[in-house]
Amino acid sequence: MELHGVGVGRGIAIGPILRMPDPLPEPVAGPHAGDPAAEYARVDKSLAVVAEELAAKGAKAGGEAQAVLEAASMMAQDPTLTDDVKARIESGTSGERAVFEAFASFQEQLTAMGGYLAERASDLADVSQRIIAHLRGVPAPGVPTSDAPFILVAPDLAPADTALLELDKVLALITRDGGPTSHTAILARSKSIVAIVGVTGALDLTDGTVVIADAATGVIATDPTPAAIAAAEARIAGRAAATKAPITDGVLADGTTIPLLANLGAPKDAEAAVALGAEGVGLLRTEFLFLDSPTAPTVAEQARQYIDLLQHFPGKKVVVRALDAGADKPLSFLNDAHEENPALGMRGLRALRANQQILADQLQALVIAQAATTADLWVMAPMVSDAEETTWFVDYGKKLGLKTVGVMAEVPSLAVVADQVAEVSDFVSIGTNDLTQYTLAADRMLGSVASYQDPWHPAVLRLVKMLGDAGAAAGKPVGVCGEAAADPKLAVVLVGLGCTTLSMAPAALADVRAELRTVTLKEAQARASRALAATTAAGARDSGSS
Ligand code: PEP
Ligand code: MG
């Protein structure tokens, strides 16, 4: 049997399935056996065991995961909560139900407070589930653990789940939800985990079934034949060899240079990117630095982080994106309003213009970092719609002292007026994730429309060509920093459409570097023409891949 989804990257894995346990059913409202002290003692033990487990997991995980897990561990022992649980048991409610009700009530209060506290509310639900699982003697929800390597199957993964993945054990991720640019997929790519997302029927796979998960084709083959296993093992060995190939700068077979840059979420990722041959940074997602922040970061705090990053790239290009708040990356200090369609709402540059002091502080911090290091700092705005917004941002940044200021092409309207934009911007960086989402009107977070979220679609490629042509006519660089640049075959087509740099998760650099070496610019342009003439994404992929 085969299941189909959207592959992330080019990897392939073989292994047995292990499913994320289903969430526990809500405990029925009912009384306990009659002795409140005994019932509370039972619950108290579970609270202590769960708190200890979470803290131990945190200590093992280290880094950001440790902070998340220690906070969760403290929740399990919070006196406000434990007193409430006790009071409910004393009034006759069963232990499981008392835990459920007390945590749910606290969760509601936090949600009502909004901002950072509201974001922590979902962690409470997770802690509550763990305690109830312990009381019932069943496995805790969340990422399962196993001594042997496995392929994890889940509806989707929460950020806390992904932080906990044991990379030596998880051979691949298969999720029912999510598209190729959902942040689960981005995270999988950044950690070099083989992943297939948006897989209908994924949750019907049973524990222990051996599958081959092929991200290059998006196919999951269950109970594979020995021949199929041997072929997959050969590919795994081949990829391991490719990642050991010498690291060179990005170059085509005819010597045309195509700098290969890294997409980063934090300065701490810089060292690994340099080790994988990143020639600079094509996208720093600054909002990732402040997702948990209840208030806007200060100039000094930001300057420290930016200097830290830039110091890893002396003399090299580093493109930093202004805060891109909205939709799947909410920043409560930039836009806290409820919106029916946040992807079409007050996000990106729109939110920054409405909160100009936050933008001014960020750009000021970048000016400080620019002066303090020798990196070649470029700054760009996200979610820009037209030449007027471009002019506004470029002028604003330059007035504050930035040297190179540009915009991201993510909204189709910007590509339609690419010639006007190229006149006023120092550079354009194409965010193919959002450009595809908006061109195809397909929510990048929604598994059911993941098949529309395909940057090979000729409509997306035509917009890229408009941007490439406009850049060439105005003598301005046009890069790509969306996930499309990490698909080696598509990377070649993007170059053929006029893109001059490619930026991607560092884990993808080796594959893209190897593919670029196989074609001349003329051949890349020929592939691009064939892809542009196709009528479907699949057709473009077929005709533009060789
Ligand atoms: C994009 O939209 O392609 C992009 C690079 O930005 P993000 O994925 O952070 O929205
Ligand atoms: Mg984007």
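Numbering of ligands and ligand atoms starts at 1, following listing order.
Of all atoms in ligand 1, listed by their number and element, those nearer than 4.0 Å to a heavy atom of Glu410 are 1 (C), 2 (O), 4 (C), 6 (O). Set against the non-hydrogen atoms of Leu283, the atoms of ligand 1 under 4.0 Å away are 5 (C). Set against the non-hydrogen atoms of Gly482, the atoms of ligand 1 under 4.0 Å away are 3 (O), 5 (C).
Under 4.0 Å from ligand 1, the heavy atoms of Arg444 that appear belong solely to its side chain. Using a 4.0 Å cut-off between heavy atoms, Thr432 contacts ligand 1 through its backbone alone, with no side-chain atom that close. The side chain of Arg285, and not its backbone, has at least one atom closer than 4.0 Å to an atom of ligand 1 (non-hydrogen atoms only; side chain from C-beta on).
The Mg ion (ligand 2) lies closest to atom OE2 when only the N/O/S atoms of Glu410 are considered.
Between Arg541 and Asp454 there is a salt bridge, since at least one side-chain N of the basic residue sits less than 4.0 Å from a carboxylate O of the acidic one. Comment: Arg347 does not engage Glu339 in a salt bridge, judged by the lack of any side-chain N to carboxylate O separation of less than 4.0 angstrom. Taking the charged nitrogens against the carboxylate oxygens, Lys489 and Glu515 do have a contact shorter than 4.0 Å, which makes a salt bridge. By the 4.0 Å N-to-carboxylate-O rule, Lys398 lies too far from Asp395 to be salt-bridged with it. Using a 4.0 Å cut-off between charged side-chain N and carboxylate O, Glu388 and Arg353 make a salt bridge. Remark: Asp426 does not engage Lys476 in a salt bridge, criterion side-chain N to carboxylate O under 4.0 Å.
Ligand 1 lies nowhere less than 4.0 angstrom from a heavy atom belonging to Glu483.
Not one N or O of Arg347 is nearer than 3.5 Å to an N or O of ligand 1, by distance alone. At under 3.5 Å, a nitrogen or oxygen of Asn433, whether backbone or side chain, sits near a nitrogen or oxygen of ligand 1. No N or O atom of Glu287 sits closer than 3.5 Å to an N or O atom of ligand 1.
Metal site remark for the Mg ion (ligand 2): Asp434 contributes an N, O or S atom at a distance under 2.8 Å.
Atom CG of Leu414 is separated from atom CE of Met383 by 10.5 Å, given to the nearest 0.5 angstrom.
Of the residues listed (Leu283, Ile430, Val319, Thr432), the one engaging Cys481 in a side-chain contact (heavy atoms from CB on, under 4.5 Å) is Leu283, and it is the only one.
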